Amino acid sequence: MEKFILALDEGTTSARAMIFDKDSNVLGSGQYEFPQYFPKPGWVEHNPEEIWNAQVVAIKTALEKAKIGPEKIASIGITNQRETTIVWDKNGKPLYNAIVWQCRRTSEMVEKIKHEYGDIIKEKTGLVPDAYFSASKLKWLLDNVPGLREKAEKGEIKFGTVDSFLIYKLTGEHVTDYSNASRTMLFNIKKLEWDDELLELFDIPQSLLPEVKESSEIYGYTKKEILGREIPVSGDAGDQQAALFGQACFEEGMVKATYGTGNFILANTGKMILYSDNLLTTIAWGLNGEVNYALEGSIFITGAAIQWLRDGLKIIRDATETEELAIRVLSNEGVYFVPAFVGLGAPYWDQYARGLIIGITRGTTREHIARATLEAIAYLTRDVIEEMEKLIQVKELRVDGGATKNDFLMQFQADIINKNVIRPVVQETTSLGAAYLAGLAVEYWESLEEIRNLWKIERTFEPVMDEEKRKRLYAGWKEAVKRALAWAKVVEGL
Ligand SMILES: Nc1ncnc2c1ncn2[C@@H]1O[C@H](COP(=O)(O)OP(=O)(O)O)[C@@H](O)[C@H]1O
Ligand SMILES: O=P(O)(O)OC[C@H](O)CO
């Protein structure tokens with residue numbers, strides 16, 4: 001009987017399920033959005049039960065679309081929005097809403113810790129201390145949800161990122177993988193264990209923590225009541241690391257960029273733990289008894305700026321319209337847009353930066369604004385690649401995610417980094433990465449070599465811009481960014 005792999009991609013706004021065959025074709029998929037909660041300015045939450053329900057419906061839809069039953073699923077791989085923090089009890093009942101990676105409620109807490117412990121945190125976890133990661137979110141929950149700390153001390157509750165929560169719901173096992181653990185700011189990426197000193201710093205009892213496993217091994221089997229069968233769950237990786245795997249970036253120096261709500265650029269650094277002041281060092285995956293590291297530049301707002309043109313400014317009907325608008329003008333004519341809506345992530349790490357559109361004249365039109373938004377995505381990506389190039393050589397960029405459909409953006413990206421930008425045939429690289437990890441563990445796929453051969457180029461964008469123009473445009477961008485930095489503090493002090 002021919003079998004397939006089911007990948008669950010639990011993202012920030014929706015839960016997806018995709019079914020792949022051996023040649024990495026998609027047989028069927030399902031996708032369900034769940035509500036976003038913003039209880040206070042800067043706070044972002046999800047209801048974990050709503051995530052779970054969306055995920056289950058997505059699985060059922062994917063099976064229906066693929067016209068197959070669960071008996072045809074060889075194994076399941078999980079990939080997820082990272083850092084988002086959930087606590088639940090032994091019955092799998094969440095004890096509070098999930099605190100989402102974008103949530104800024106613990107900014108001040110981290111700001112205080114940063115001065116004294118910044119270097120230690122970087123050394124142990126590879127991360128630039130920020131409210132982005134799970135540690136401060138978990139501390140907030142233990143300190144603010146009535147009764148939670150007492151329960152934690154009695155060993156009655158469990159913490160995990162979304163992968164861990166889903167695996168618990170599916171199988172009853174409390175585990176996570178190296179790639180997700182490395183985003184908590186509690187995991188020592190050299191010793192490959194939860195770090196006692198950091199647990200003490202954030203006042204977190206050891207008993208809450210999931211066991212950390214490789215990204216490709218059998219964690220458990222689905223409970224019969226969910227899909228009517230016991231199916232192995234055998235792949236787990238954070239969504240950006242899964243995309244690196246799905247892009248077959250298996251060798252040192254290979255780089256991928258995912259263009260979604262934000263952009264996440266990861267470079268495989270193999271066995272090397274490279275430290276950069278302005279990038280994150282993270283675990284890409286654990287496989288066959290070894291851990292593979294990566295450098296990461298996380299840009300918080302890219303595609304979300306396009307959504308803002310649509311929903312906030314209402315100057316476009318849908319995201320694809322940005323392309324026809326952008327090519328109607330010959331250049332940005334001096335207009336730059338820095339989409340620092342929630343501060344700036346890599347490589348600036350300024351929580352107080354705010355968005356700006358600069359260079360506006362009486363002649364500025366929505367065409368210029370649309371173009372400046374797309375260009376900003378490319379400039380932000382170059383900012384990260386420049387940082388990477390201080391440590392490694394970047395030859396070319398493999399791309400995926402919603403905005404890579406935009407040919408203007410892809411060409412401008414190639415021009416502005418002066419490197420080839422390569423778009424693969426299969427764009428579902430995040431889900432595909434999770435599927436590969438799951439499939440390798442049950443010998444559905446035999447080797448990395450086999451997977452490497454499945455990766456195919458759809459189109460290569462080659463740089464054509466002259467050096468003088470590239471320099472001039474990028475210099476303008478750097479000037480615009482300078483003016484956006486620290487803005488929230490500036491206006492607060494007036
Ligand atoms: N043709 C396009 N041009 C520019 N941006 C686009 C285009 N199509 C989609 N996007 C942007 O890509 C994002 C969706 O990508 P997706 O990979 O689905 O993101 P996520 O997984 O983060 O939700 C949206 O923010 C949208 O604005
Ligand atoms: O859900 P996405 O695709 O926007 O990814 C979110 C990242 O994992 C956050 O670190």
Side-chain angles (χ1 to χ4, degrees), residues 8-16 18 29 31-34 36 44 46 51 54 78-85 98-103 127 130-134 137 161-163 179-180 182-185 237-244 246 256-266 280 282 294 296-313 316-327 339 341-342 345-346 370-378 399-413 423 427-431 433-434:
L8 311 185
D9 175 5
E10 195 296 307
T12 310
T13 55
S14 69
R16 283 183 230 205
M18 284 198 164
S29 66
Q31 179 170 10
Y32 281 87
E33 288 195 8
F34 46 79
Q36 309 284 314
V44 189
H46 295 154
I51 292 182
I78 315 260
T79 182
N80 55 294
Q81 53 164 324
R82 304 165 305 163
E83 301 95 15
T84 297
T85 300
I99 303 189
V100 177
W101 61 276
Q102 298 155 324
C103 184
L127 305 174
D130 195 276
Y132 175 27
F133 308 106
S134 320
K137 300 180 195 293
T161 39
V162 182
D163 59 311
S179 71
N180 276 296
S182 75
R183 313 298 295 187
T184 59
M185 215 161 83
D239 56 6
Q240 303 308 325
Q241 288 93 330
L244 189 70
K256 74 88 201 182
T258 300
Y259 296 68
T261 310
N263 268 30
F264 295 87
I265 302 121
L266 269 74
L280 309 175
T282 203
E296 171 173 330
S298 327
I299 306 169
F300 299 143
I301 303 287
T302 54
I306 306 276
Q307 287 166 350
W308 178 72
L309 298 186
R310 187 193 61 195
D311 307 333
L313 287 189
I316 54 169
R317 284 182 316 275
D318 60 59
T320 51
E321 202 187 340
T322 52
E323 183 163 358
E324 49 184 273
L325 289 176
I327 54 181
F341 297 166
V342 292
R371 186 171 178 125
T373 315
L374 293 172
E375 290 186 354
I377 299 175
V399 297
D400 54 75
T404 56
K405 287 193 278 299
N406 191 312
D407 289 349
F408 167 81
L409 172 59
M410 293 299 99
Q411 183 57 50
F412 190 76
Q413 185 69 80
R423 197 165 60 188
Q427 278 283 298
E428 277 45 310
T429 51
T430 303
S431 294

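It should be emphasised that the depicted structure is a prediction, and the values quoted were computed from it without experimental measurement. First listed ligand is number 1; within each ligand, the first listed atom is number 1. If you read the sequence from its start, that first residue is 1, and numbering goes on from there.
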*Search all heavy atoms of Trp101 against all heavy atoms of Lys137 and return the closest pair with its distance.*
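Closest approach of Trp101 to Lys137, heavy atoms only: O-NZ, 3.4 Å.
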
Got a donor-acceptor contact below 3.5 angstrom from the [X] side chain to the [Y] backbone?
X      : Y      : result
Thr430 : Ala242 : no
Glu323 : Asp407 : yes
Ser179 : Gly238 : yes
Glu10  : Asn80  : no
Thr161 : Thr85  : no
Glu321 : Arg317 : yes

With a 4.0 Å cut-off on heavy atoms, is [X] touching ligand 1?
X      : value
Ala304 : yes
Gln307 : yes
Thr12  : no

Quick one: nearest non-hydrogen protein atom to [atom], plus distance?
atom                    : result
atom 20 (P) of ligand 1 : Thr261 OG1, 3.6 Å
atom 3 (N) of ligand 1  : Asn406 ND2, 3.0 Å
atom 12 (O) of ligand 1 : Ala403 N, 3.6 Å
atom 18 (O) of ligand 1 : Arg16 NH2, 3.6 Å
atom 7 (C) of ligand 1  : Ala319 CB, 3.5 Å
atom 19 (O) of ligand 1 : Gly260 CA, 3.4 Å
atom 8 (N) of ligand 1  : Gly402 O, 3.5 Å
atom 27 (O) of ligand 1 : Gly303 O, 3.0 Å

Numbering as shown, the atoms of ligand 2 that approach [X] to under 4.0 Å (heavy-atom distance):
X      : answer
Tyr132 : 9 (C), 10 (O)
Gly11  : 1 (O)
Gln81  : 1 (O), 8 (O)
Glu83  : 9 (C), 10 (O)

_For Thr322, the ligand 1 atoms whose distance to one of its heavy atoms is below 4.0 Å_ =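 So the atoms of ligand 1 that pass are 3 (N), 4 (C).
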
*asked:* Can you name the atoms of ligand 1, numbered from 1 with element, that are less than 4.0 Å from a heavy atom of Gly401?
replied: 17 (O)

Using a plain distance cutoff, I'd like to know if [X] has any nitrogen or oxygen under 3.5 Å from a nitrogen or oxygen of ligand 2.
X      : answer
Arg82  : yes
Arg183 : no
Thr12  : yes

*Thr373 versus Thr322: any side-chain heavy-atom pair under 4.5 Å?*
no

*asked:* Is there a side-chain contact between Thr12 and His46 in this structure, where contact means two heavy atoms from C-beta onward sitting under 4.5 Å apart?
replied: yes

*side-chain hydrogen bond (donor to acceptor under 3.5 Å, both in side chains), paired with Thr282, selected from Arg183, Glu296, Arg82*: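 The side-chain hydrogen bond (donor to acceptor under 3.5 Å, both in side chains) with Thr282 is passed solely by Arg183 among Arg183, Glu296, Arg82.
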
*Do Asp318 and Arg310 pass the salt bridge (Lys or Arg N to Asp or Glu O under 4.0 Å) test, and can you show the C-alpha distance, the side-chain angles, and the key distance before you say yes or no?*
CA-CA 6 Å; Asp318 60 59; Arg310 187 193 61 195; over 6 Å; no

*Is the closest side-chain donor-acceptor distance between Thr404 and Gln427 under 3.5 Å?*
yes

*asked:* Is a donor from one side chain sitting under 3.5 angstrom from an acceptor on the other, for Thr258 and Asp400?
replied: yes

*Should Leu374 be counted as touching ligand 1, given the test is an N or O pair under 3.5 Å?*
no

*Have a look at ligand 2 and work out which part of Asp239, if any, has a heavy atom under 4.0 Å from it: side chain, backbone, both or neither.*
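It is the side chain that touches ligand 2; the backbone stays farther off.
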
